[in-house]
Structure formats: C-alpha cells, structure tokens
Amino acid sequence: MGVAIRTAGDEDRELVVRLLDEAFQDDPVSGWVFPGEEYRRTTHHRLMAAFTGIVLAEGRIDVTEDGSACALWMSVPADGHGDGDGGADDDGPAQVRRAVDPGNERVELIGRLTAGVHPSGRAHEYLWMIGVAPARQGEGLGTALIGSALDRCDREGRPAYLEASSERSRRLYERLGFAPAGAPLALPDGPCMWPMWREPRTAGSRDGLGG
C-alpha cells in the first residue's frame, strides 16, 4: 500500500488515545464494558488512556505517518502475559479499574478474562489493540499496520497473538494468517471475543500482507 508507519512516542499520547476512543465507540466489547452511549462517550477514553500509557511504557505503538491509525503491541515472554494483563493474582486489572472507573467491575473483569485465555509457554508479540479513524476505515490502513509488524515477526521467527472483538475483525485477522487459539471467550451477558494465534511464516510461505 505504501503506507508510511513510524513508532509513536510520548508526544503522540493524545493522538493515540483519541484514535482508540473514536475507533472503539461502536465495538461490541467496548459496549459491554461501558453500556449506554452517553456513559461510553464520557468514560471510554479513560480506559484507552490507561492502555496507551501501559504500552508506551512497556511495549510499542505503531502509528501511520498521517495519524489516522495506530496499533499497540506488547512483547510477551514465554512465562508471562505482559504488564496490566496478568493472571488471577496480578493486580494490574484492579489498578486499571481504580484509575479508569472504580465503580465499573467490567473494567477489571475484561482484563482478567482475557488473561485467563492468553497462551503461555512461548514468547510472542501481542496485538493489544488497533484503531483506525472512523472516516478512514475500509482503506486498508489496519491491514498495512498489522502487516508491517507481522513482517518483523516473520523475520525474527516470533508468533503473534490477539483477541478479535468482532466478527469483522476476526475475518480480517484470518486473512492475515491468524487461526483460532482455543474456544471463543464469551463475556458474561455479553459478546464473544476470539483468541487467535499466528505462527511465523518462512519466505516461501508468505502471501502478501499489505493488501
């Protein structure tokens, strides 16, 4: 596609939070965490700010040069899930809840539930979130962002993991080589999330990730 991509820095924090907030306002999982349009409009950005802060500190955020899309990645060791997304004894999800919306137990629950299905035993790259400005969705920007990171995974021989939050995103990830990693995660009285895993590809098995 020829999409210019760079690594975000702290000066991009506001841009990334705004992108994620706008991109996920209509997402099924965001709607479950923050039910009600007005509640979500006034509160959802706080969770996006918390996630952005964690990944700026401990991971990597890729952003298109024109500021229209971003992707949040964490490098996860074989024996851990990454900061803020740990197991049942990890206080990360509780800390996020206290910082974002103390009265909303779903802010904490989503972190614990996704941690519970996160694969362990192999180091991998974790696509935490990807957001594209609503006016630019459907142009292939998300595919280009993910493809750039997957190129690195292939060169380094590292698998990649994510949880798809909608049927539409699940189909996109399947086209990029991701496959189901266990049963879907059914949120209590809410939508499903799909854990997905991608093995690194060798030069002979690559099939064009930028389209």
Side-chain angles (χ1 to χ4, degrees), residues 3 5-74 82-85 92-115 126-146 148-149 162-170 172-173 185 187 190-194:
V3 176
I5 298 169
R6 62 180 175 84
T7 301
D10 195 63
E11 68 278 7
D12 297 299
R13 183 184 302 265
E14 183 177 336
L15 166 67
V16 172
V17 173
R18 184 176 71 251
L19 274 173
L20 295 175
D21 184 36
E22 293 176 353
F24 281 87
Q25 280 290 321
D26 296 325
D27 180 79
V29 174
S30 289
W32 177 81
V33 177
F34 301 101
E37 184 176 344
E38 180 64 16
Y39 176 38
R40 188 160 58 256
R41 187 183 66 81
T42 59
T43 313
H44 179 264
H45 69 280
R46 298 181 198 163
L47 183 59
M48 301 302 101
F51 289 166
T52 299
I54 291 169
V55 182
L56 277 174
E58 303 294 339
R60 188 189 73 255
I61 298 180
D62 293 335
V63 62
T64 56
E65 196 65 57
D66 64 1
S68 60
C70 63
L72 282 61
W73 291 90
M74 296 286 283
D83 287 357
D85 190 29
Q95 291 177 356
V96 170
R97 174 182 176 179
R98 288 193 293 270
V100 170
D101 193 7
N104 185 352
E105 64 180 10
R106 290 182 177 181
V107 172
E108 178 178 348
L109 185 58
I110 189 70
R112 298 199 181 281
L113 290 175
T114 54
Y126 175 33
L127 177 58
W128 195 332
M129 303 188 79
I130 182 167
V132 179
R136 303 292 304 278
Q137 292 176 8
E139 298 181 16
L141 297 173
T143 300
L145 266 179
I146 300 171
S148 175
L162 56 82
E163 299 106 9
S165 60
S166 69
E167 287 277 6
R168 180 176 177 273
S169 63
R170 181 174 65 87
L172 166 65
Y173 298 136
L185 170 62
L187 301 176
C192 283
M193 300 180 75
W194 290 268

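Counting from 1, the numbers follow the sequence of the chain as shown.
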Evaluation steps, side-chain contact (heavy atoms from CB on, under 4.5 Å), between I54 and V96: CA-CA 10 Å; I54 291 169; V96 170; 4.2 Å; yes
Identify the two heavy atoms, one from [X] and one from [Y], that lie closest to each other, and give their separation to 0.1 Å.
X: G67; Y: L19; value: O-CD1, 3.5 Å
X: D66; Y: R136; value: OD2-NH1, 3.0 Å
X: A71; Y: L145; value: N-CD1, 3.9 Å
X: P191; Y: P28; value: CG-O, 3.6 Å
X: M48; Y: M129; value: SD-CE, 3.6 Å
X: A149; Y: R60; value: CB-NH2, 3.9 Å

Given side-chain contact (heavy atoms from CB on, under 4.5 Å), test D101 with L47 step by step and report yes or no. CA-CA 8 Å; D101 193 7; L47 183 59; over 6 Å; no
Is R98 atom CZ crowded by more than 12 heavy atoms from other residues, nucleotides or ligands, each under 6.0 Å away?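 Above 12, so yes.
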For atom CG of D26, is the number of surrounding heavy atoms from other residues, nucleotides or ligands below 6.0 Å larger than 12? no
Side-chain ([X]) to main-chain ([Y]) donor-acceptor, under 3.5 angstrom:
X: Q137; Y: V132; value: yes
X: S148; Y: A144; value: no
X: N104; Y: V33; value: yes
X: S30; Y: F24; value: yes
X: R106; Y: W32; value: yes
X: R40; Y: P35; value: no
X: T114; Y: G111; value: yes

Is the closest side-chain donor-acceptor distance between D27 and S165 under 3.5 Å? yes
Can you label the angle between the F51 ring and the W128 ring as parallel, tilted or perpendicular, going by 30° and 60°? tilted
Are the side chains of [X] and [Y] in touch, meaning some heavy atoms are under 4.5 Å apart?
X: D12; Y: I61; result: no
X: I130; Y: Y173; result: yes
X: V107; Y: R46; result: no
X: V17; Y: E14; result: no
X: E163; Y: Y126; result: yes

So, R13 and D10, do they make that salt bridge, N to O below 4.0 Å? yes
For R41, is there an ion pair with E37 - N to carboxylate O distance below 4.0 angstrom? no
Quick one, D62 with T7, criterion side-chain contact (heavy atoms from CB on, under 4.5 Å). Give me CA distance, side-chain angles, the key distance, then yes/no. CA-CA 5 Å; D62 293 335; T7 301; 4.2 Å; yes
Between [atom1] on residue [X] and [atom2] on residue [Y], distance to nearest 0.5 Å:
X: T64; Y: R6; atom1: OG1; atom2: CZ; answer: 8.0 Å
X: Q25; Y: H45; atom1: CD; atom2: NE2; answer: 10.0 Å
X: F34; Y: T43; atom1: CZ; atom2: OG1; answer: 6.5 Å

Stepwise, does the side-chain contact (heavy atoms from CB on, under 4.5 Å) test hold for W194 with L162? CA-CA 8 Å; W194 290 268; L162 56 82; over 6 Å; no
